[in-house]
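Quick caveat: nothing in here was measured; it's all calculated off a predicted structure. Below, each value reflects all heavy atoms present in this structure, side chains not excepted, and no hydrogens, waters or symmetry copies. Residue numbers begin at 1 in each chain, while the letters A, B, ... track the order of the sequences.
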Amino acid sequence: MIVLPRAFYARPTLTVARELLGCLLVRTLPDGQRLTGRIVETEAYIGQEDLACHARAGRTPRTEIMFGPPGHAYVYFTYGMHWLLNAITEPEGQPAAVLIRAVEPLEGLDRIAAHRAGRQRREWTSGPARLTRAFGIDGALNGCDLVGPPGRAALSLIAGPPVPDADVRTGPRVGLGSTPEPWRSLAWRLWVADSPDVSKAR
DNA sequence: CCGAGGATTATCT
DNA sequence: GATAATCCTCGGA
């Protein structure tokens with residue numbers, strides 16, 4: 001198991017979003033249970049000029065974490081009920097992040113299913129708020145360091161088998177209804193072709 | 001299958 | 001006071 005090093009994150013956000021495809025999200029629950037998922041969908045949010053990025057308004061209590069060092073989690077609350085997980089990217093001082101939009105459940109299926117009681121398997125982790133629910137991720141993990149030994153860290157990202165370019169698809173980011181062009185249409189959403197766990201675009 | 005509308009609150013204007 | 005990097009349920013075809 002190779003934990004992605006901080007240098008992995010301290011690069012252009014689109015590069016990180018691309019290379020996170022195929023990597024493993026490892027969540028260690030408070031009771032020690034480990035949940036693992038293969039990342040199959042990401043989105044890039046890049047800097048104050050990106051009018052879809054929370055950092056567009058500059059430093060605020062919420063966005064402060066995005067200005068900090070890379071390799072940390074940015075977990076925020078939206079729509080009054082959902083938590084979304086991001087990985088901070090780019091060198092310190094440049095606010096940017098990759099949103100983890102979907103994973104393929106690999107390990108801890110019982111607990112994942114329990115967190116998603118009553119849902120079909122395909123709905124367990126096929127969306128940014130679905131996967132945080134399935135993996136027990138909420139605001140308590142905002143700011144936590146992603147660069148740490150899995151099993152000791154609450155959240156880790158592990159190198160996985162690379163996804164070949166031929167299997168990568170791109171398109172506009174999801175849910176940016178009122179964001180002006182060109183930001184709304186930039187192809188900053190990336191996913192693994194043919195994965196049944198990719199979210200449905202709306 | 002599909003589209004419309006509601007849920008529910010932190011955050012920023 | 002409006003909006004939100006979403007999800008779910010319900011009604012109709």
Side-chain angles (χ1 to χ4, degrees), chain A residues 9 12-14 16-18 20-21 25 37 39-68 70 72-90 94-105 112-143 146 155 157 169-192 195-202:
Chain A
Y9 301 96
T13 304
L14 281 169
V16 178
R18 162 66 180 87
L20 275 177
L21 295 176
L25 174 68
I39 297 172
V40 295
E41 182 181 357
T42 59
E43 277 178 3
Y45 290 86
I46 314 176
Q48 300 191 58
E49 305 77 22
D50 176 6
L51 294 186
C53 180
H54 289 161
R56 62 185 176 272
R59 288 181 187 259
T60 68
R62 181 174 66 161
T63 64
E64 188 63 31
I65 183 72
M66 296 184 83
F67 288 82
H72 290 256
Y74 169 43
V75 183
Y76 74 91
F77 188 68
T78 191
Y79 290 105
M81 63 188 84
H82 299 303
W83 295 101
L84 273 62
L85 170 67
N86 301 254
I88 301 300
T89 60
E90 312 263 355
Q94 299 182 45
V98 172
L99 171 67
I100 310 298
R101 285 194 58 89
V103 304
E104 172 189 336
I112 289 171
H115 288 151
R116 300 289 293 144
R119 270 81 184 189
Q120 299 297 312
R121 182 185 174 110
R122 216 165 264 175
E123 298 173 330
W124 287 354
T125 56
S126 55
R130 288 174 174 178
L131 78 87
T132 57
R133 171 77 67 166
F135 276 59
I137 294 166
D138 64 19
L141 293 178
N142 188 36
L146 298 172
L155 214 47
L157 290 173
R169 300 288 180 272
T170 66
R173 293 172 290 182
V174 177
L176 306 190
S178 64
T179 300
E181 298 290 2
W183 312 109
R184 182 175 25 181
S185 297
L186 293 174
W188 286 2
R189 173 184 178 225
L190 299 85
W191 68 94
V192 177
S195 169
D197 294 298
V198 168
S199 73
K200 291 178 185 172
R202 301 177 189 249

Exercise. Under the salt bridge (Lys or Arg N to Asp or Glu O under 4.0 Å) test, which residues partner A/E49, sequence neighbours left out?
Worked result: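 With neighbours one apart ignored, the set is empty.
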For this session: Identify, with sequence neighbours excluded, every residue that meets salt bridge (Lys or Arg N to Asp or Glu O under 4.0 Å) alongside A/R189.
Result: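 A/R189 satisfies salt bridge (Lys or Arg N to Asp or Glu O under 4.0 Å) with A/E41 only.
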Under 4.0 Å, heavy atoms only, any strand: does [X] hit a base, just the sugar-phosphate, or nothing?
X	value
A/R133	nothing
A/R116	sugar-phosphate
A/S178	sugar-phosphate

Exercise. Which letters describe nucleotides 7-13 of chain B, given B = protein heavy atom under 4.0 Å from base, S = only from sugar-phosphate, - = neither?
Worked result: BBBSSSS
Problem set entry | Secondary structure of DNA chain C in dot-bracket form (Watson-Crick or G-U wobble, distances below 3.5 Å, | marking inter-strand pairs) | ||||.|||||||.
For this session: Return yes when atom CD of A/Q120 has more than 12 non-hydrogen atoms of other residues, nucleotides or ligands closer than 6.0 Å, and no otherwise.
Result: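 12 or below, so no.
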For this session: Would you mind reading off the distance between A/R101 atom CZ and C/dT6 atom C1', rounded to a whole angstrom?
Result: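 Going from A/R101 (CZ) to C/dT6 (C1'), I get 9 Å.
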Exercise. ring-ring contact (aromatic ring centres under 6.0 Å, His included) with A/W83: which residues, sequence neighbours excluded?
Worked result: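 In terms of ring-ring contact (aromatic ring centres under 6.0 Å, His included), with neighbours along the sequence ignored, A/W83 is linked to A/F77.
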For this session: For DNA chain C, determine which residues of residues 43-53 of chain A have any heavy atom closer than 4.0 angstrom to one of its atoms, and list them numerically.
Result: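 The stretch gives A/Y45, A/A52 as the residues lying under 4.0 Å from the strand, ordered by number.
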Problem set entry | Phosphate OP1/OP2 of C/dC8 contacted by A/R119 side-chain N/O (<4.0 Å) |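 Yes.
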